[in-house]
Amino acid sequence: MTIRRPSHDAAAIKSESFKLPTSRRTLVPARFLIALMAFLGITLNYILRVNINFALVAMVKHSPANTSAMATNRTTSDSVDGLHLINGSATWLDLYDATDTDGGPAVLVAQNEADSPSSSAAELDMCPAPEEHTQSHATYHGDLPWDEWTQGLVNGAFFYGNVWTQVGGGRLAEVWGSRRVMGVAVFASAFLTLLQPVAARASYIFLIFIRILIGFFLGVTTPATQALLAGWSPPMERSTISSFVYAGAAAGTIVAFPVSAFIIETMGWEAVFYLQGSLALLWCLGWYYVITDSPKDFRWISEEEKQYIISSIGTSKNKKPPPIPMKKILTSLPVWAVIISAVGNNWGFYTLLSTVPSYMKTIMHKDIKTNAMLSGLPYVGMWAWSLGAGVAGDWLMRRWNVRTVVVRKLANTIANVGPALCLVGLLWVRCDWWSTVALMSLAVTAVGAIYSGHYVNPVDLAPNFAGTLSGIVNTAGNVPGFLAPMTAGYITNNQTTLTQWRKVFVIAAIVYVVDAIVYLLFASGEEQSWNSLPSAADPESGGDPEAPPQQQKGGAADSSKESGVLRGVFIQGEHKEEAASQQKERHEGKGAKRGSEEKGVPQSKLSGEDAGHTNRAYCSTEGE
């Protein structure tokens, strides 16, 4: 008896699943429409959360040329009356002209004739402004008198509210449906975004309150999206679909920075919130019109695609959500590996997200147009890399049977060690402009692999509780959303120098490395035993309430192996005889029931007939 592989490989099987019958052909697969709408929702989520990071550059009145960063400032002699020379040395010549556009006294950076620009920068602990940018740095002063500490509070206020609705939002999406939960959340956040300019003019305290409320509502979107993907994404496409959807985070940042700059220069910073809030309201209309929580209810889906999705997911995802095994979740090492990874990666990511515009302005002296392009550029790489990493992860599992846990750990390591190395590199390049841009771009780009790492891991571990589990993870993971900007603001408050910025980057690099090590040691890719309880089996999905969880897991989602990659169905020797006996009993009417039918010979038939839907391997006996 020999075991033979299928006549066509897994990639061919997967491609066949996209062939829709001519009787009911659709332009695109239904799951692509779902993923597209979810992608746009995540994009708007990030636009509404990060627009404040760049708008602050134009809202706040900045101190010219970082005078507070210097140890001493002295007024010179009458020959240069009204000018403040850094370090006040009478022997210094060749001043950089940085006249304040408001007509106030200019703050000038003096340079000794004998010193090179690099040595002068080293002595001053800051980068000299290039001549072509000396005046543009002062052209976008706002009129709100907020220091770096206050700006850090405003930047992080979103996450004060965001952490409170993650768990509840995930569970609500499992019970009430992702369509309703995410639609309501984005609608409320869009309305509050329209109120931000008024709140900012009144007081930064009011703006902080509005930002907290926006975070409160948008806190449900990620776990709600996870719950949606658990019912729509076949396991062998999960990395690709998840990477595409959550690439909206990078896309939102890409759009937010340059578009915000254009709006600020043409209509003022207030218009940023008015236009982006209105765009989110329009998305809500499309979301409610298109989205359904299950393939069974989708109006534009072929029967073949519907059966492919349902059979691939199997009974790992119950129709009705079972009770939450909270004790088992909180005592699970793989869950804690995801939680710690979320905290560490988000610390580094939000450090970069909130500080790149400020670093470009205060250290690199870039005007608002250049700042916007350079602040958004790294997220173009992140967007492209996140999609590439997702496709590569699924390809490795399909083509080479690489285990799910290996793909998750590899992606997570790249998304943490890569940025850490780049941040350490910033310590050495100092004021080298092109090296700084390259390292920051590479750091943010590498983070894109995270969507094939710990980010999608909750769906692997527990599809039934993907929303709840994602909520728990994001509750902890979003704490750095306000701690990282606050820490950066505290370190650089009135001291926006290279030395202080290095402290910010070193802290983020250390956290990145610790995160990567913990995930490598404790992460898992297999479905956990507490995901499918015997009492929670769903008969409509084809599960047997009396069968153990291992026998209830259908299709490609069989995760008795850690990999989640397909397990063959082998019928050999005594297994074949036992199956024949069960078949005979059914014909005689002896206690046949659905559960035994699925465990008998028909299962071998299904593994052949449904290969195009489940991607299973099969075998046969030689000579028969």
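In this chain, numbering begins with 1 at the start of the sequence shown. These numbers were taken from a predicted model, which means no experiment stands behind them. Below, all heavy atoms of this structure are taken into account, side chains as well, without hydrogens, waters or symmetry copies.
A donor-acceptor pair under 3.5 Å is absent between the side-chain atoms of Asn53 and the main chain of Thr355, judged by distance alone. With Gln528 contributing its side chain and Glu526 its backbone, the two residues share a donor-acceptor pair below 3.5 Å. Between the side chain of Glu305 and the backbone N or O of Ala30, at least one donor-acceptor pair lies under 3.5 Å. Distance alone, capped at 3.5 Å, places no donor-acceptor pair between the Gln196 side chain and the Ile210 backbone. Side chain of Asn51 to main chain of Ala256: no donor-acceptor pair is present (N/O by atom type, distance under 3.5 Å, no hydrogens or angles). Using modelled atom types, one side-chain atom of Asn346 and one backbone atom of Gly477 make a donor-acceptor pair closer than 3.5 Å. With hydrogens and angles disregarded, a donor-acceptor distance shorter than 3.5 Å links the side chain of Thr221 to the backbone of Leu218. Between the side chain of Trp287 and the main chain of Arg179, a donor-acceptor pair closer than 3.5 Å is present. With hydrogens and angles ignored, the 3.5 Å screen pairs no side-chain donor or acceptor of Glu148 with any backbone N or O of Thr492. The closest donor-acceptor contact from the side chain of Ser178 to the backbone of Leu228 lies under 3.5 Å.
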Requested in this report: Could you check Trp383 against Val444 for side chain to side chain contact (heavy atoms under 4.5 Å, CB included), going step by step and ending with a plain yes or no?
Outcome: CA-CA 10 Å; Trp383 176 75; Val444 177; over 6 Å; no
Query - Chi angles and distances behind the side chain to side chain contact (heavy atoms under 4.5 Å, CB included) call for Met182, Ile291 - result: CA-CA 11 Å; Met182 192 165 178; Ile291 296 298; over 6 Å; no
Requested in this report: Could you give me the CA-CA distance, side-chain angles and deciding distance for Ile450 and Phe349, then say whether side chain to side chain contact (heavy atoms under 4.5 Å, CB included) is met?
Outcome: CA-CA 11 Å; Ile450 204 64; Phe349 178 72; over 6 Å; no
Query raised in the report: When you look at Arg31 and Tyr308, which way does the side chain to side chain contact (heavy atoms under 4.5 Å, CB included) test go after all the steps?
Result: CA-CA 11 Å; Arg31 57 193 183 280; Tyr308 165 65; 3.6 Å; yes
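In this pair, Tyr490 and Trp149 present their aromatic rings perpendicular. The plane angle is above 60°, beyond the 30 to 60° band. Ring geometry for Trp146 against Tyr204 counts as perpendicular: the plane angle is over 60°, on a 0 to 90° scale with 30° as the lower cut. Between Phe244 and Phe39, the two ring planes are parallel [angle under 30°; tilted spans 30° to 60°].
Within the cation-pi definition used here (under 6.0 Å to the ring centroid, within 45° of the axis), Arg299 qualifies as a partner of Tyr289.
Asp515 places none of its side-chain heavy atoms less than 4.5 Å from the side chain of Val343. For the pair Phe298/Ile34, a side-chain contact is recorded, criterion being any heavy-atom separation below 4.5 Å from C-beta on. Between Phe482 and Val479, the closest side-chain pair of non-hydrogen atoms falls below 4.5 Å. In this structure, Glu237 and Trp232 have side chains that are not in contact, with every pair of non-hydrogen atoms separated by 4.5 Å or more. Proximity of Leu48 to Phe158: side-chain heavy atoms (C-beta onward) are nowhere separated by under 4.5 Å.
The line from OG1 of Thr150 to CD1 of Ile208 is 7.5 Å long, rounded to the nearest 0.5 Å. Between the CZ atom in Phe257 and the OG1 atom in Thr253 there is a gap of 6.0 Å [rounded to 0.5 Å]. Put simply, CE on Met360 and CG on Leu377 are 8.5 Å apart, with the number rounded to the nearest 0.5 Å. Atom CD of residue Glu270 and atom CE of residue Met59 lie 8.0 Å apart, to the nearest 0.5 angstrom.
By the neighbour-count criterion of 12 heavy atoms within 6.0 Å, atom CH2 of Trp269 is densely surrounded, having more than that number from other residues, nucleotides or ligands. Enclosure of atom CH2 in Trp283 by more than 12 non-hydrogen atoms of other residues, nucleotides or ligands within 6.0 angstrom is indicated. Other residues, nucleotides and ligands contribute at most 12 non-hydrogen atoms within 6.0 Å of the CZ atom of Phe217. In this structure, Trp347 places its CH2 atom where more than 12 heavy-atom neighbours from other residues, nucleotides or ligands lie under 6.0 Å away. Within 6.0 Å of the OH atom in Tyr274, the count of heavy atoms belonging to other residues, nucleotides or ligands exceeds 12.
For the residue pair Thr193 / Gln276, no side-chain donor-acceptor distance below 3.5 Å is found, with atom types taken as modelled. Under 3.5 Å, the side chains of Ser239 and Arg408 contain a donor-acceptor pair of N or O atoms. Donor-acceptor pairing under 3.5 Å is recorded for the side chains of Gln166 and Asn162. Checked by atom type, the side-chain pair Arg49/Asn45 shows a donor-acceptor distance below 3.5 Å. Looking only at atom types and distance, the side chain of Tyr519 has no donor-acceptor partner in the side chain of Asn345 under 3.5 Å away.
Paired with Leu469 under the rule side-chain contact (heavy atoms from CB on, under 4.5 Å), one option of Leu461, Val167, Asn474, Ile339 passes, and it is Leu461. Remark: of the listed residues Val459, Val245, Val473, Val459 is the sole one forming a side-chain contact (heavy atoms from CB on, under 4.5 Å) with Gln226.
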